[in-house]
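Scroll down for the structure; my scribbles are underneath it.
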Number of protein chains: 2
Amino acid sequence: MDQSTRSSNSDVPMKATVVPISAVQLKSVCSSCSLRELCLPMGLSPEDVERLDQLVYARRKVKRGEGLYRAGDPFSAIYAVRTGFFKSDVILEDGRDQVTGFHMPGEIMGMDGIGTEAHSCNAIALEDSDVCVIPFSRLEELANEVRGLQRQFHKVMSREIVRDQGVMMLLGSMRAEERLAAFLLNLSQRFVARGYSPCEFHLRMTRDEIGSFLGLKLETVSRLFSKFQEDGLIGVQQKHIRIRDTVGLKNILGQDR
Amino acid sequence: MDQSTRSSNSDVPMKATVVPISAVQLKSVCSSCSLRELCLPMGLSPEDVERLDQLVYARRKVKRGEGLYRAGDPFSAIYAVRTGFFKSDVILEDGRDQVTGFHMPGEIMGMDGIGTEAHSCNAIALEDSDVCVIPFSRLEELANEVRGLQRQFHKVMSREIVRDQGVMMLLGSMRAEERLAAFLLNLSQRFVARGYSPCEFHLRMTRDEIGSFLGLKLETVSRLFSKFQEDGLIGVQQKHIRIRDTVGLKNILGQDR
DNA sequence: CGGGTCGATTGATCCATATCAATGCGGAGA
DNA sequence: TCTCCGCATTGATATGGATCAATCGACCCG
């Protein structure tokens with residue numbers, strides 16, 4: 001719903017029926033993308049960003065509930081979210097699943113597939129979404145020519161590793177309240193970086209998905225939302241969240257109870 | 001104690017007193033390293049491995065309990081464990097800490113530092129250890145020339161991301177028993193790959209460190225070791241572990257209780 | 001506009017793991 | 001060889017979050 005404000009004017013409205021695919025794939029250049037300061041081009045010189053343009057030649061639309069890729073799919077590209085919202089999850093044989101992350105515009109997905117040439121998790125769109133397809137072998141080639149790109153790509157992967165460490169910290173040593181507070185603060189931060197309000201946003205995922213990510217049951221997540229609301233820290237109405245007391249939320253972190 | 005069996009004959013015994021540092025740093029080449037099939041050179045052609053030799057020019061000894069790097073240290077190199085054993089951990093202001101991984105010979109450490117040019121976690125030796133120092137800017141340079149190296153380095157980073165997903169799964173959706181069983185099986189596998197016995201090994205870390213990694217308290221870890229022993233799955237004597245029933249351990253995984 | 005469905009909320013109870021506490025054991029150093 | 005100290009074990013009890021269950025509410029579709 002609010003994604004429309006981010007898209008470039010050449011974008012086709014979501015509701016449009018059939019559009020020639022070429023029309024969608026034609027104009028997709030990093031140099032004019034509003035997300036370039038958050039995404040792969042971050043920190044590159046304008047000239048280098050233009051060289052990236054030749055790489056990111058395709059876009060792909062993914063409808064809500066559909067997968068961008070699934071565990072086991074052969075790996076060929078990484079993806080930059082342009083509009084929309086994704087989750088990644090890993091599913092065990094016995095059906096249990098673990099959400100390993102949520103992804104918003106400007107973030108890179110799919111790097112899990114490089115090591116084994118097959119994806120190790122599922123990437124599911126939580127709303128109708130749009131990604132830039134970055135063919136990996138071409139990325140590696142271009143990284144050889146464009147020094148800044150090589151460095152930048154390494155940084156992106158490294159930050160993913162650091163992010164994962166943070167999630168381990170969350171899951172391994174925080175109490176339920178702390179996990180949810182940290183989660184909300186993290187979302188808020190990422191929304192701000194994208195020009196949205198830091199204190200008011202729409203959750204794209206269900207309580208169950210939040211719970212899976214945080215290692216909690218959905219009932220616990222729901223109760224904590226209610227508790228935070230009673231304590232005046234946030235306002236909750238279904239998926240709409242308003243952060244009323246950022247400091248209060250931060251204080252939950254690290255206090256023994 | 002059992003590490004001696006792996007080292008090349010040019011290695012100085014651990015107990016030797018003072019050895020000229022140059023002697024230690026001189027011979028450190030991937031092409032003759034017994035770990036080359038597990039480490040960064042994995043899958044590279046012999047010629048490419050020789051080019052790696054010029055990169056990995058220094059070794060560094062780290063005594064038990066000392067840090068290879070600490071959170072906040074400026075980033076300049078990644079490291080390949082040659083001998084010994086490390087843990088990585090992240091420490092919060094309030095003192096809580098989370099062990100994010102254990103590292104054995106052939107594994108690469110330090111990639112967390114690339115993104116911000118500073119390390120985000122501590123790497124502590126759990127026994128007297130020895131690492132190859134891989135200056136990162138040189139690695140990036142060489143990766144431009146040696147195509148296989150670039151690819152291989154990306155794979156190493158990607159595998160780290162996938163490993164982290166596995167830990168999230170562990171912490172987020174497994175019960176205590178499952179976590180410990182998965183941990184033991186994982187260690188076993190990694191020891192086998194290094195030519196050690198799959199069913200008998202020495203834990204280098206304390207119960208507290210295992211607990212921190214698995215999101216459990218040390219008492220819980222201890223009780224579970226005892227329980228597994230009673231059930232005939234393993235033999236435990238302090239840090240010495242013998243796996244008696246691999247299938248039984250695997251069966252713990254994924255069963256609802 | 002009304003019925004159905006999926007997700008969210010809330011309450012009552014249970015249980016896995018934490019916490020608190022005491023004892024034991026093995027290796028290092030005198 | 002003795003002693004000390006850090007780590008491990010084991011027991012008793014407490015509790016945070018899970019589980020089970022019921023109701024509610026919003027949105028979608030006909």
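Each chain gets a letter, A, B and so on, in the order its sequence line appears, and its residues count up from 1.
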| note | Here the distance between atom C1' of C:dC15 and atom CD of B:E177, to the nearest Å, is 14 Å
What N/O pairs connect the protein and nucleotides 6-8 of chain D at under 3.5 Å? Give each pair on its own line.
residue, atom, partner, partner atom, Å
D:dA8, OP1, B:R207, N, 3.4
D:dA8, OP2, B:R207, N, 2.9

| What nucleotide, of D:dT9, C:dT9, C:dT10, holds the atom closest to the side chain of A:V236? | C:dT9
| query | Are A:R194 and A:E107 within salt-bridge range, i.e. N to O under 4.0 Å? | reply | yes
| task | Take atom CD1 of A:I210 and atom C1' of C:dG7, then tell me their distance rounded to the nearest Å. | result | 12 Å
| message | Rounding to an integer number of Å, can you tell me how far A:R175 CZ sits from C:dT19 P? | response | 10 Å
| said: Measure CG/A:L203 against P/C:dG7 and give the value in whole Å, please. | reply: 15 Å
| request: Determine, for A:E160 against A:R163, whether the closest basic-nitrogen to carboxylate-oxygen distance falls under 4.0 angstrom. | output: yes
| task | Starting at OG1 of A:T100, measure out to CG of A:D89 and round the result to the nearest 0.5 Å. | result | 7.0 Å
| Protein-nucleotide distance (B:E230, atom CD; D:dT9, atom P), rounded to Å | 12 Å
| If you take atom types as modelled and just measure distance, does the side chain of B:R223 reach the base of D:dG11 with a donor-acceptor pair under 3.5 Å? | yes
| said: If you compare all heavy atoms of A:I243 against all heavy atoms of A:S188, which two are closest, and at what distance to 0.1 Å? | reply: CD1-CB, 3.9 Å
| request: Would you mind checking if B:E66 and B:K63 are paired as a salt bridge, meaning a charged N to carboxylate O distance below 4.0 Å? | output: no
| message | With side-chain hydrogen bond (donor to acceptor under 3.5 Å, both in side chains) as the test, pick out the partner of B:S88 among B:Q98, B:H119, B:H103. | response | B:H103
| Looking at CG of A:L184 and CG of A:L233, how far apart are the two atoms once the value is rounded to the nearest 0.5 Å? | 9.5 Å
| query | Rounded to the Å, how far apart are B:K227 NZ and D:dT9 C1'? | reply | 17 Å
| said: Distance check needed: D:dG16 P versus A:E219 CD, whole Å only. | reply: 18 Å
| Touch check for A:G215, heavy atoms < 4.0 angstrom, all strands: base, sugar-phosphate only, or nothing? | sugar-phosphate
| Among D:dG17, D:dT9, C:dA18, the one nearest A:T220 by side-chain distance | D:dG17
| A:F225 CZ to C:dT10 P, straight-line distance once rounded to whole Å | 13 Å
